[in-house]
Amino acid sequence: MNQQKFYCSKRNHYVKREEYYHQGEICKECRSDINRSKIDDYTGIELAEYLLHRSCIRVLERVRSDKKEAYKGVKCDWKKPVKMKEALMNNTEFWSNWVELSEIYNEGRRLPNSRPTIDRIESNIEKGGHYTMGNIQVLSHGENSIKANSIKCKVVFIKGLNVVRITDYESTKDVMKELSIPAYSTINLFKDSGKILSVGNGYSILIQTPNGMLEKQDSPLYKGIVTKQKILVDYDTGKEYIISNNQYSFDSYGIWIDGSQLITA
């Protein structure tokens with residue numbers, strides 16, 4: 001089946017759905033070019049409002065997408081970016097903090113880590129971790145990254161097909177430091193997912209947080225196979241004879257750590 005294509009009027013070409021910005025009827029690459037040219041001319045309150053609008057767009061894009069594990073099931077109180085922006089600007093505390101961080105971002109050569117972001121105070125959706133007025137705050141991108149990696153976790157280390165150790169860590173940042181992995185966001189997406197993540201050199205890991213819950217999957221992640229044998233042993237010779245050998249398979253929607261034991265769900 002041919003994938004539907006969408007027309008970008010700015011560059012006069014067609015792109016895939018995931019490469020298209022529907023609100024502007026242009027491709028996302030063109031949208032990025034336009035945004036970069038706009039932001040260079042903005043300062044003060046104008047810059048702060050623009051950055052907030054862009055962040056509101058990203059929030060809605062994240063909650064509407066089902067591709068990122070970290071945002072599955074997350075809801076937002078607003079349906080349109082402009083309405084969300086207006087509500088946050090009317091929140092005196094939030095808007096004051098946002099303007100302050102925007103000034104720091106502008107005066108500090110606009111480095112990515114100093115850019116203000118919309119952060120969920122509680123990220124666990126079972127505890128109300130949605131984008132609501134009472135559950136959001138302003139954090140710089142750098143602070144947001146540190147927060148995301150400061151949660152205690154238990155990690156299963158797998159070499160080949162064997163579990164070699166299960167270790168507790170104070171944060172996922174410590175895990176990444178040990179494994180020399182700089183891409184923090186890659187690890188974040190796999191916490192409490194029940195998925196095994198390859199980290200190179202023949203090793204894989206499984207990450208679980210203390211109060212986490214196994215992410216619900218729409219389809220099985222793994223297939224388990226159980227082999228049952230009946231063995232007859234000759235007491236005189238010690239020789240073993242296999243008299244039956246049966247295998248049973250089952251689908252697994254994720255792997256979870258219960259104490260020091262691995263279980264499937």
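This structure is a prediction, so every number in the text was calculated from the model and none was measured.
- Residues satisfying the side-chain hydrogen bond (donor to acceptor under 3.5 Å, both in side chains) criterion with Asn12, sequence neighbours excluded, are Tyr7.
- In this structure, CH2 on Trp78 lies 9.5 Å from CG on Leu60, to the nearest 0.5 angstrom.
- Of the possible donor and acceptor atoms, none in the side chain of Ser123 sits under 3.5 Å from a partner among the backbone N and O of Gly129.
- A donor-acceptor contact closer than 3.5 angstrom is absent between the side chains of Glu122 and Asn135.
- To the nearest 0.5 Å, atom CD1 of residue Ile207 and atom OG of residue Ser193 are 8.5 Å apart.
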Apply salt bridge (charged side-chain N to carboxylate O under 4.0 Å, His left out) to residues Glu19 and Arg11 and explain how you reach the verdict. CA-CA 13 Å; Glu19 298 171 354; Arg11 293 191 181 180; over 6 Å; no
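- Proximity of Arg58 to Arg54: side-chain heavy atoms (C-beta onward) are separated by under 4.5 Å at one or more points.
- Taking OG1 from Thr117 and CG from Leu52, the interatomic distance works out to 11.0 Å, rounded to the nearest 0.5 Å.
- In this structure a side-chain-to-backbone donor-acceptor pair under 3.5 Å is missing from Asn162 to Val164.
- Contacts of Glu143 classified as side-chain hydrogen bond (donor to acceptor under 3.5 Å, both in side chains), with partners at least two apart in sequence or in another chain: Ser140.
- Counting only residues at least two apart or in different chains, ring pair (Phe, Tyr, Trp, His ring centres under 6.0 Å) contacts with residues 100-132 are absent.
- Residues Trp98 and Ile45 share a hydrophobic cluster, clusters being chains of Ile/Leu/Val/Met/Phe/Trp/Tyr side chains in contact below 4.5 Å.
- Between Val74 and Arg120, the shortest heavy-atom distance links the atoms CG2-NH1, 3.4 Å.
- In this structure, Asn90 contributes its side chain and Glu86 its backbone to a donor-acceptor pair below 3.5 Å.
- No chain of hydrophobic side-chain contacts below 4.5 Å, direct or via other Ile, Leu, Val, Met, Phe, Trp or Tyr residues, connects Val59 to Ile121.
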